[in-house]
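Each chain gets a letter, A, B and so on, in the order the sequences are listed, and its residues count up from 1.
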There are 2 protein chains.
Amino acid sequence: MSRTADEPLSLGTIPVSPPTLADVAELAGVSRQTVSNAVNNPELLRADTLRRVQNAIADLGYSPNRAARNLRTRASHLVGMRFTPAQEGTANALMDRFVHSLVEASAEAGYHVLLFAGDPTDPVSGYDDLLRSTAVDAFVVTDTFLGNPQATWLELRRAPFVAFGRPWDTPESTHPWVDVDGAAGAALATDHLIEADHTKIAWVGWRKDSWIGEDRRSGWSRAMRSRGLVTSGLACRVEDAVASGREAAGRLLDESGPTGFVCASDTLAMGVLHALDERGLQPGRDVAVVGFDDSQVAQVVPGGLTSVRQPLEDVAVEVVRALAGLLATPPKMVPGVLLEPTLAVRGSSQRR
Amino acid sequence: MSRTADEPLSLGTIPVSPPTLADVAELAGVSRQTVSNAVNNPELLRADTLRRVQNAIADLGYSPNRAARNLRTRASHLVGMRFTPAQEGTANALMDRFVHSLVEASAEAGYHVLLFAGDPTDPVSGYDDLLRSTAVDAFVVTDTFLGNPQATWLELRRAPFVAFGRPWDTPESTHPWVDVDGAAGAALATDHLIEADHTKIAWVGWRKDSWIGEDRRSGWSRAMRSRGLVTSGLACRVEDAVASGREAAGRLLDESGPTGFVCASDTLAMGVLHALDERGLQPGRDVAVVGFDDSQVAQVVPGGLTSVRQPLEDVAVEVVRALAGLLATPPKMVPGVLLEPTLAVRGSSQRR
DNA sequence: GTGAAAGCGCTAACAG
DNA sequence: CTGTTAGCGCTTTCAC
């Protein structure tokens, strides 16, 4: 069952072994090294030699063996990203949209994205093995909802990584990061409602232990105050779930009678829509609602849900840019990058 | 245990070079091969030797270098999956849910998932390079909405792959596949409405060139006919978009007055909800609606959208099982696997 | 500009 | 059971 002399045989479903540098060299009548140069440093070759080699490469359908190249260059051209299951019932498909963008942006920089699972209870699981086995060149760290132990851990190990999300809890961190200005987003949403003559605008946000949540909330309160509008009695902090948003909206409606809601997530905003629905109030006409993240839910719900949209495509591009900087020789450290969100205006915030 | 004399230096952000087999061997006082055996064939070692080696491995934090192992074993333990951007405004986050499951299922089988981008206009782009550079051991092919040129292409190259989706257009294919019985799902939805005493149940489906769409449609018509219910004038085929679903539902409502809708997707079902909304009809109470795919939209839309749910976790497990079979020596070909969907019942199909 | 030699870290085959 | 030998396919010196 072993490979004899020159005959590459098909092992199970695996096709004949692909051509190697040596095969190309033989066909082109040059040495292996010259083929390598043709691939990696074409400017070193004489024009006609180069063409001859390139023809041989094309004829054979040669592509350098990744494992061999990785071993030699000590680089895998892979970026690892932990991909934990989104909890169901949450409108938060944000990460998925980001992954798509990341895959595309990485491809342009010559990188592939390696997804790995991790024990949800251990924020650091999965990284260690990939790092020690040099399976990836760097990581993209995303799940920074509550603090960011991964960043601290990776920094300690001097592993190259870029975070999507600021190091809220560790301001002394020096790793590259890319983030979206949540406060600006919430302010954008609030201003949008204020311009439509709303004055009692409520905030439905996340538990206080979420840095992101507090950031977004600050945008709401800043926008309100800058227009001289009161905020007291108009805010609440709950779990990120439809039911929580519904309850919170019901309570706020009963107690303070807001005419507008700005929410920390589309999930919460959907909860607000539920509450309006129950009371026979129509979104947009009676009460304005703005969500956050511009999920698919916001886009297809009847009437449409106005929502703050994060520029995830740009985030991915910046992440890859930072990654490329980290991995360059010498490394070029890219400082933190903060991007501005936009507002996708739909029926839930407009009188029809 | 720290490194001796020739201390590897830190290159930029790259940490000290990780320990190798030789380092472990030296520390444990055995040969490199013994360490390799301790990792790959522990049963070959004497208990005390094994323990000594394992201690050394733990002390050093050793993990086999992937590239070297890949080169030697001609396997990367990576499965490639093309990840094309989902079109926005579509409730179809199905693939994302699948990817999550796939990552988890793969991890248990010792595989990581490599995502790659591809030119959306060329269904085969991206595969070729990965295959020739032996960067992945196999592929998971998913985007089989309209036919499946990838499968044919990969089969021709004898590349190992498993498809999520049946080879509708190439029944002569012999590759492994896993799919969900769409006809059964639609029948499930239809029966659900029939049991609630609906008799005029409409079908809102996809363009006729979609095999999947026709399959699902057949489940509806079969269920209707088996109860002696008429189907004529109750079906339409449109683009998979909210607006199309809305128009189609409006037309059907005006012309045939159905009291129930079964849709080929949640996106279309959302369109139906729009149409009901416009006419002041309440989903569930006045008209029943069932979607397909149980997207997050179905879960969070006010009232909830009843939807056919594909068992994606199981699909992923079966895909990995088939993959493992393909990659085993000798390969064990797994035949096609067809899984049954379930129905997630929510407000849109129940009188409240 | 091109070629020859060396070796990245690992594991398959064999010898002891 | 353990150690020795060889080489996966590639790139990095360094001669020519």
A.B. asks: For S76(B) and N70(B), does a side-chain donor sit closer than 3.5 Å to a side-chain acceptor?
C.D. replies: no
A.B. asks: Write down the distance between CG (N41(B)) and C1' (dC10(C)), rounded to a whole number of angstrom.
C.D. replies: 13 Å
A.B. asks: Any base atoms under 4.0 Å from L45(A), or only sugar-phosphate, or nothing? Heavy atoms, all strands.
C.D. replies: sugar-phosphate
A.B. asks: Below 4.0 angstrom from OP1 or OP2 of dT11(C), is there any side-chain N or O of T73(B)?
C.D. replies: no
A.B. asks: Taking the side chain of R32(B) as its heavy atoms from C-beta onward, which of dA6(D), dT2(C), dC10(D) lies nearest to it?
C.D. replies: dA6(D)
A.B. asks: Looking at N40(A), does any N or O in its side chain come under 4.0 Å of the phosphate oxygens OP1/OP2 on dT11(D)?
C.D. replies: yes
A.B. asks: Tell me whether the side-chain N/O atoms of R72(B) come closer than 4.0 Å to OP1 or OP2 in dA12(C).
C.D. replies: no
A.B. asks: Measure the distance from CZ on R69(A) to C1' on dC8(D) and round it to the nearest whole Å.
C.D. replies: 16 Å
A.B. asks: Taking the nucleotide of DNA chain D with the closest heavy atom to each, which residue, P64(A) or Q33(B), is nearer the 5' end?
C.D. replies: Q33(B)
A.B. asks: Starting at atom CG of L21(A), determine the distance to atom P of dC8(C), rounded to an integer number of angstrom.
C.D. replies: 19 Å
A.B. asks: For the residue pair Y127(B) and F116(B), categorise the inter-ring angle as parallel (less than 30°), tilted (30 to 60°) or perpendicular (more than 60°).
C.D. replies: perpendicular
A.B. asks: One pair to check against side chain to side chain contact (heavy atoms under 4.5 Å, CB included): W153(B) and L131(B). What are the steps and the verdict?
C.D. replies: CA-CA 12 Å; W153(B) 189 92; L131(B) 193 56; 4.2 Å; yes
A.B. asks: Between dC8(D), dC10(D), dC1(D), spot the one nearest the side chain of R74(B), thanks.
C.D. replies: dC8(D)
A.B. asks: Working note: W177(A) + V337(A), criterion side chain to side chain contact (heavy atoms under 4.5 Å, CB included); need CA distance, chi angles, decisive distance, verdict.
C.D. replies: CA-CA 6 Å; W177(A) 54 264; V337(A) 176; 5.6 Å; no
A.B. asks: Mapping T49(A) and N65(B) to their closest nucleotides on DNA chain C, which lands nearer the 5' end?
C.D. replies: T49(A)
A.B. asks: Please report the distance, rounded to the nearest Å, between CG in L60(A) and C1' in dG9(D).
C.D. replies: 15 Å
A.B. asks: N37(B) CG to dC10(C) P: how many Å, rounded?
C.D. replies: 14 Å
A.B. asks: How long is the line joining CD of E43(B) and P of dC1(D), in whole Å?
C.D. replies: 10 Å
A.B. asks: Whole-Å distance between dC1(D) P and R51(B) CZ?
C.D. replies: 15 Å
A.B. asks: Picking from dG3(C), dC10(C), dT11(D), which would you name as closest to the side chain of T34(A)?
C.D. replies: dG3(C)
A.B. asks: Should the ring pair H100(A) and F83(B) be called parallel, tilted or perpendicular, given that the plane angle runs from 0 to 90° and is split at 30 and 60?
C.D. replies: parallel
A.B. asks: Can you tell me if the side-chain N/O atoms of S36(A) get under 4.0 Å from OP1 or OP2 in dT11(D)?
C.D. replies: yes
A.B. asks: Take the protein atom CG of L44(A) and the nucleotide atom P of dT2(C), then report the distance between them rounded to whole Å.
C.D. replies: 9 Å
A.B. asks: Select one nucleotide: of dC1(D), dC8(D), dT2(C), the one nearest the side-chain heavy atoms of L71(B).
C.D. replies: dC8(D)
